[in-house]
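Notes to accompany the following structure.
The chains referred to below are lettered A, B, ... by the order of the sequence lines, with proteins before strands, and numbering in each begins at 1.
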Amino acid sequence: MSTADIEARTELQALAGTAAEHRISQAEPRDFFALMKPGVMRLVVFTALVGLVSAAATSGTMLLDPVTGAIALFCIAIGGGASGALNMWYEADLDRMMKRTANRPIPAGRVSSDEALAFGLIMAVLSVMVLGLVSNWLAAGLLAFTIFFYAVVYTVWLKRSTQQNIVIGGAAGALPPVVAWAAMTGSVGIEAFALFFIIFMWTPPHFWALALFASQDYARAGIPMMPVVSGDAYTRKQILIYAVLLAPVAMAPWLLGFGGLVYGITTAALSLGFIFYAIGVYRDKNLDNSNRAAKRLFAYSILYLFALFGVLLLEAVIRLAL
Amino acid sequence: MNEPNTVDDGLELSPEDKKRRNRRSVAIALGLIFLVALFYIMTIFKFGPALMNKPL
């Protein structure tokens with residue numbers, strides 16, 4: 001290669017570097033909203049709302065009025081969104097390889113990695129600070145821990161390294177009602193942990209059902225989800241075990257007295273339904289490759305959690321009104 | 001004699017890029033206004049009825 005060639009190449013590389021540095025942002029405001037995983041945020045807001053109202057109805061301590069309570073709820077939602085944005089920032093390489101996630105803002109090229117990182121960090125700091133100011137610093141600390149757990153422990157460490165990723169990582173998704181409980185009462189009681197354990201035990205069968213019908217996607221991206229590492233049969237067995245374990249855990253609010261008779265009866269019936277669908281997955285040999293049983297369980301699991309928390313919310317509202 | 005300012009960073013915003021930039025700017029402005037309103041409401045509600053108890 002002649003000196004002239006080397007000079008020309010250096011110049012070209014410098015130009016390419018400048019272009020990358022000065023890339024014009026293609027982001028729309030809605031792309032930043034998408035970074036916050038609105039679907040997950042819905043679940044966070046709903047479970048946190050149940051935590052907030054149940055705490056007020058159960059403990060009798062109400063540190064927040066409805067307006068500051070709504071602001072606290074908003075902060076928890078933004079905190080959840082921030083951890084979603086940080087997750088998408090770190091996982092852009094994996095998202096690019098998966099059909100389900102290829103159109104997310106970063107892999108689609110609409111938002112740059114730097115923009116997503118900055119957005120996630122700003123939202124995380126803002127949500128924690130405002131929650132601390134509007135409620136108390138125990139709740140703010142718990143929210144900060146939730147964001148850290150999801151963005152660092154789950155996303156950076158667990159997700160790519162173990163098939164138990166979703167079991168341990170599920171703690172992050174289970175914490176919002178605990179944060180809300182702390183915001184309302186200034187402390188965390190056993191009732192808050194009961195709500196935590198319901199979501200914690202619900203998460204693995206919910207995500208493993210998804211992993212069963214998206215296992216090719218996960219395999220392509222090299223994510224060690226259970227069906228990829230241990231196979232479908234083992235995953236189906238684990239789903240059934242967790243479904244059976246979830247049933248008594250879901251009864252905890254009734255046993256502890258902050259879930260009423262309606263909650264007890266509804267939960268018992270819905271948990272039997274959960275086990276029924278899990279047996280369906282366990283027995284399904286998936287000969288037609290449709291994963292119909294896993295898809296059914298996935299849909300049912302969403303309905304299950306919303307119904308359980310919905311009844312708890314309704315009972316708590318009635319107790320507060322009386 | 002001063003040379004005319006011919007600094008060119010090689011970037012030309014297309015009309016669509018400009019629209020996107022405007023929309024982002026509006027979103028940031030709305031976010032800031034929302035934060036100001038949020039802090040104002042939080043302050044009022046934190047004070048509670050005590051806000052009215054001051055010597056005239």
Point-to-point distance, once rounded to the nearest 0.5 Å, from CZ of B:F45 to CG of A:L64 | 12.0 Å
With a 4.5 Å cut-off on heavy-atom pairs, point out which of A:D31, A:V67, A:L126 contacts chain B the most.
-> A:V67
Kindly give the heavy-atom pair with the smallest separation between A:I24 and B:E12, and that separation in Å.
-> CD1-O, 4.1 Å
In Å, rounded to the nearest 0.5 Å, how long is the span from CG of B:L38 to SG of A:C75?
-> 6.5 Å
Can you say whether A:L133 sits under 4.5 Å from chain B via the side chain, the backbone, both, or neither, judging by heavy atoms?
-> both
Segment of B:I41 engaging chain A (4.5 angstrom heavy-atom cut-off) = side chain
Evaluate whether atom CZ of A:R30 has more than 12 neighbouring non-hydrogen atoms of other residues, nucleotides or ligands under 6.0 angstrom away.
-> no
Count the heavy atoms belonging to other residues, nucleotides or ligands that lie under 6.0 Å from NZ of B:K19, then report whether that count exceeds 12.
-> no
Closest approach of B:M42 and A:V130, non-hydrogen atoms and distance?
-> SD-CG1, 3.7 Å
Are more than 12 heavy atoms from other residues, nucleotides or ligands located less than 6.0 Å from atom CZ of B:F47?
-> no
Under 4.5 Å between any side-chain heavy atoms of B:R24 and A:E28, yes or no?
-> no
Distance (rounded to the nearest 0.5 Å) between B:R21 CZ and A:Q26 CD = 12.5 Å
Which answer fits A:T68, side chain, backbone, both or neither, if we ask what part of it has an atom under 4.5 Å from a heavy atom of chain B?
-> side chain
